[in-house]
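Remarks on the structure that follows.
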Amino acid sequence: MEVRTRFAPSPTGYMHIGNLRTALYEYLIAKSQGGKFILRIEDTDQERKVEGAVEVIYNTLKMTGLNHDEGPDIGGEYGPYVQSERMGMYMDYALELVEKGKAYYCFCTKERLDSLKASNEHGDAFARYDRHCFNLSKDEVKANLEEGKPFVIRQLMPNEGTTTFDDVVYGSITVDNSELDDQILIKSDGFPTYNFANVVDDHTMKITHVVRGSEYLSSTPKYNLLYDAFGWDAPTYIHLPPVMRDAQHKLSKRHGDKSFEDLISEGYIVEAIMNYIALLGWSPSDNQEIFTMDELIKKFNISGISKSPSIFDIKKLTWMNGEYIKAMDFDKFYELAESRLKEAVKTPGIDIKFIAELLKSRLETLNDINEMIDFVDNLPEYGTELYIHKKMKTTEEIALKSLKAAVPVLEAHDNWTNDSLYECLMGLAKDMEFKNGQILWPVRTALSGEPSSPGGATELAVILGKDETIKRLNKGIELLEAAK
RNA sequence: GGCCCGAUGGUCAAGCGGUUAAGACACGGCCCUUUCACGGCUGUAACCCGGGUUCGAUUCCCGGUCGGGUCACCA
C-alpha cells in the first residue's frame, strides 16, 4: 500500500520550528518509502485567521524543498484540502455514528456542564460528562430537535475495558476506557471539533501514517475508538517528542523563540536549518551529521526517532550553518551575502567580492557580516594596547618603528595586490631584521583598529586601497606617538 | 489529582545483558598561520535513585524521584 502522510498546519502567519520538524519527518517518512506527502490546511478556527498566513505555509514548503504531492494549491484526488471547505461532510458522518449507536445528541447547556464541573471533588478540569443526554429517549430527542434546541453530538465511549494502540515510536499504549470522556464531535454551531474532523479527513484522504506531536498521545485512544465505530482501519501512528527551549518548556513563538522566518532573517541557511532539525529527535544508524535532503530521504528510518524531548541548541545550528557556508560554492554564497555586504560597506570603490572571499570561511551566519567588516567604512577608535601582541613579539615601540618604516615603503609601492604587498612587507621585515609578525601585526592593527579582522595586513591593504591604507598607517603612528 | 509518556556528559546523541560507555556541538590546551577564522591533534565531562532478575545490568522487571503531556463546544 502506498504510504501517505500529511502536514496539517493551522495558518498562523509563521512557521514554528516544531511544526517544521514535524513536516520534515512526514515528508521523509513518505519519501523514504516512495509515498506521497499531502498538505491540508486546518483553518476551522475562524477567530485565529491571519491574512496571508496560508502563503507563509506554501512559501516555507517551497523554500525548504518539502514539496507536497497534493494540496490546496495543486489539487489532488482527495480534495478539498482546506478544512473550511470540507464542512459539509462532517455532520453526515456524525449522524452515521448516531445511527450506529456510537454517538448521541446532547442538549446540555453550558450552565449545566459548568455546574457539573464545579461539583467535582477533584476540581473542574477533571470532571467527565455524566451522560445525562445519553439517557434521553428517541422521542425526547426528536422533540428537542423539533423545538430547535441547540445540540452537540457526543461520541459514546465504552465504559469498561481498555483500549490499546500501537505507536511506532512509543510502542504499545493501553488506557482504561473509564478514563475517556464522551467527547464532542459536532459543536453546537454545527462545526466539527478538531478531533473529529481530523479522523474523518485522515480517513477520507487515505492517510496511512499519522505523524504528529506527542501531545496527541493521550487522545489517540479516542481516535482509535472513532475509527472502530466507523469500521475503518486506523492509521499507523508516529508520535514525535517535543522540541524544547529548555528542560521544561517547549519551543514557542509566544515566548520569544525563533520561527523559521526569524532564523532566515538572522542569516541562517535553509539547508542548515533543515539539516539541524532533522537531527533533533532523529539519528541515523551511522555518525553522519551533514545531509542533503536526498541523503535524508535515503537514510531516514522511523526506528531512529527518539522518544525523549530535545532541546533546540542554537549553538549547534550556528556551527552547522558555518559548515554550510564554507561548503557552498562561491557564487551562491555571494548571492546570499551580497545585500548584507552592500549594507555593511558603503565606501565606493571597495571590492566587495574580495571581501566576500575572505569572509566565506569565517562566517557562522550571514548576520555576522556587518560586524566583521564595519571597520572598512570607518576606522574605529582604538587604544594602542592593541599593538601589543605577545606571540607576534610586538610592543608599542616596535609597532611605531614598523609603521614608520612601512609608510614610505608602501607609498613607493604601486603593484597593489596581495602577493606583491606581502612580498614588499616581508622584504621590509628582512631589511629591518624584524620578525614577519612584527611588521604585519602592527599594519593589520592600524588598518582595522580591531583585535581581529577577516584578513591579514596585506589583505586589508588590498580592501582599503593605497590612499586609505597610508592614511590609517599615519593615524596609527600618531596614536603611538601620543601614547609615548 | 487520575491517566499516559520520558530520563546516558552543559546540549544533540550512539548503545539494545559482558564496551577502556561512540560521535558531534560547546568549553580548555597544543600545532599550523600575517591577527581572527579555517584545518589538524588533544583534554575536562555522563548512564536519576532504590530494589529485584541474572554469573553479570546503562541495557530487562518493579517502586520512587524528577520532567513533560493530557483530562475543553482549542487546535
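Here is the naming used below: chain letters follow the sequence lines, and residue numbers restart at 1 for every chain.
Distances were taken from every side-chain heavy atom of A:E215 (C-beta onward) to each of B:rC4, B:rU70, B:rU34; the shortest belongs to B:rU70. Listed nucleotides: B:rU70, B:rU34, B:rA75. Nearest to the side chain of A:K187: B:rA75. Here B:rA75 is the nucleotide among B:rG6, B:rU70, B:rA75 with the atom lying nearest to any side-chain atom of A:Y194. The side chain of A:S306 lies closest to B:rA13 when the candidates are B:rA26, B:rC36, B:rA13. Closest to the side chain of A:W319, out of B:rG6, B:rC74, B:rA26, is B:rA26. Checking B:rU35, B:rC73, B:rA75 against every side-chain atom of A:L113, the shortest atom distance belongs to B:rC73. Nearest to the side-chain atoms of A:I173 among the listed nucleotides B:rG23, B:rA75, B:rC4 stands B:rC4. Comparing atom distances between the A:D181 side chain and each of B:rU35, B:rG23, B:rA72 picks out B:rA72 as nearest. Here the side chain of A:L440 is nearest to one of B:rA75, B:rU34, B:rA72, namely B:rU34. Nearest nucleotide to the side chain of A:S308, out of B:rU70, B:rA7, B:rU11: B:rA7.
Using a 4.0 Å heavy-atom criterion, one finds that A:N195 contacts the bases of the nucleic acid, with or without backbone contacts as well. As judged by a 4.0 angstrom heavy-atom cut-off over every strand, A:F312 is placed among residues making no nucleic acid contact. Among the atoms of the strands shown, only primed sugar atoms or phosphate atoms (P, OP1, OP2) are found under 4.0 Å from some heavy atom of A:L280. At the heavy-atom level, A:N287 lies under 4.0 Å from base atoms of the strands shown. A:G281 comes within 4.0 angstrom of sugar-phosphate atoms only, judged by non-hydrogen atoms across all strands, and of no base. A:A457 comes within 4.0 angstrom of a nucleotide base, judged by non-hydrogen atoms across all strands. Base engagement by A:C108 is indicated by at least one non-hydrogen atom pair under 4.0 Å involving a base atom.
Of the charged side-chain nitrogens involved, none lies within less than 4.0 Å of a carboxylate oxygen, so that A:K298 and A:E295 do not count as a salt-bridged pair. A salt bridge links A:D130 to A:R112: one of the charged nitrogens lies within less than 4.0 Å of a carboxylate oxygen. Ion pairing between A:D228 and A:K102 fails under the 4.0 Å rule for side-chain N and carboxylate O. A salt bridge links A:R40 to A:D202: one of the charged nitrogens lies within less than 4.0 Å of a carboxylate oxygen.
Base pairing annotation: B:rG10 forms a Watson-Crick or G-U wobble pair with B:rC25, both donor-acceptor distances under 3.5 Å. B:rG63 is paired with B:rC49 under the Watson-Crick or G-U wobble criterion, all donor-acceptor distances under 3.5 Å. With a cut-off of 3.5 Å on both pairing distances, the Watson-Crick or G-U wobble partner of B:rG2 is B:rU70. Base pairing of B:rC36 is not made with any nucleotide, judged by Watson-Crick or G-U wobble geometry with both donor-acceptor distances under 3.5 Å. The partner of B:rG18 is B:rC55, by the rule that a Watson-Crick or G-U pair needs both atom distances under 3.5 Å.
As rounded to the nearest Å, B:rA26 and B:rA37 have P atoms that lie 12 Å from one another. To the nearest whole angstrom, the two C1' atoms, one in B:rC60 and one in B:rU20, are 25 Å apart. Using C1' as the reference atom, B:rC25 and B:rA14 are 15 Å apart when rounded to the nearest Å. B:rG69 and B:rC27 have their P atoms separated by 31 Å, with the value rounded to a whole Å. Straight-line distance between the C1' atoms of B:rU59 and B:rG52: roughly 15 Å, to the nearest whole Å. The separation of B:rU58 from B:rC49, taken at their P atoms, amounts to 10 Å, rounded to a whole angstrom. Separation of the C1' atoms belonging to B:rA24 and B:rA13 is 8 Å when rounded to the nearest angstrom. Spacing between B:rG23 and B:rG40 at atom P, rounded to whole Å, works out to 15 Å.
In this structure, NZ of A:K316 is placed 4 Å from C1' of B:rA24, rounded to the nearest angstrom. The interatomic distance linking A:K110 (NZ) with B:rC74 (P) rounds to 9 Å, in whole Å. Following rounding to the nearest Å, A:Q248 (CD) and B:rG69 (C1') show an atom-to-atom distance of 14 Å. Distance, A:K307 NZ to B:rA14 P: 11 Å, rounded to whole Å. What separates CG of A:L251 from P of B:rG69 is a distance of 13 Å, to the nearest Å. Between the CZ atom of A:R112 and the P atom of B:rC73 there is a distance of 13 Å, rounded to whole Å. Rounded to whole angstrom, the span from the CZ atom of A:F434 across to the C1' atom of B:rU34 amounts to 15 Å. Rounded to a whole Å, the CH2 atom of A:W441 is 13 Å from the C1' atom of B:rU33.
Between A:K315 and the phosphate of B:rA24, there is no side-chain N or O to OP1/OP2 separation shorter than 4.0 Å. Dashed line: the shortest gap from a side-chain N or O of A:S283 to OP1 or OP2 of B:rA14 is under 4.0 Å. Checking the phosphate oxygens (OP1, OP2) of B:rA13, a side-chain nitrogen or oxygen of A:S310 falls inside 4.0 Å. The side chain of A:K391 contributes no N or O atom lying less than 4.0 Å from OP1 or OP2 of B:rC30.
Relative orientation of the A:F330 and A:F333 rings is tilted, given thresholds of 30° and 60° on the angle between their planes. A:F165 and A:H239 have perpendicular rings, their planes meeting at more than 60° on a 0 to 90° scale where under 30° would count as parallel.
Mapping A:P242 and A:M392 onto RNA chain B via the closest heavy atom, the residue that lands nearer the 5' end is A:M392.
Atom CD of A:E147 is surrounded by more than 12 heavy atoms from other residues, nucleotides or ligands within 6.0 Å.
Not one N or O on the side chain of A:S188 forms a donor-acceptor pair closer than 3.5 Å with the backbone of A:P150. Panel note: side chain A:W441, backbone A:K393; no donor-acceptor pair is recorded below 3.5 Å. The backbone N or O of A:K326 sits less than 3.5 Å from a side-chain atom of A:K360, completing a donor-acceptor pair.
A donor N or O paired with an acceptor N or O is found under 3.5 Å between the base of B:rC73 and the side-chain atoms of A:S188. Taking only distance into account, the side chain of A:T458 meets the base of B:rU34 through a donor-acceptor pair shorter than 3.5 Å.
The shortest distance between side-chain heavy atoms of A:L156 and A:L97 does not fall below 4.5 Å.
Stacking between A:Y422 and B:rU34 is shown: the ring centroid lies under 5.5 Å from the centre of the six-membered base ring, and the planes differ by under 30°.
Under the 6.0 Å distance and 45° angle rule, A:K253 counts as a cation-pi partner of A:Y14. Taking the centre and axis of the six-membered ring of A:Y223, the NZ or CZ atom of A:R212 falls inside the cone set by 45° and 6.0 Å.
The only member of A:N321, A:I273, A:T365, A:I269 that meets side-chain contact (heavy atoms from CB on, under 4.5 Å) when paired with A:L263 is A:I273.
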- Query: In B/S/- notation, 5' to 3', how is nucleotides 58-63 of chain B contacted by protein heavy atoms closer than 4.0 Å?
  - Reply: ------
At a cut-off of 3.5 Å, list every protein nitrogen or oxygen paired with a nitrogen or oxygen from nucleotides 38-49 of chain B, distance to 0.1 Å.
unit_1, atom_1, unit_2, atom_2, d
B:rC38, O3', A:K326, NZ, 3.4

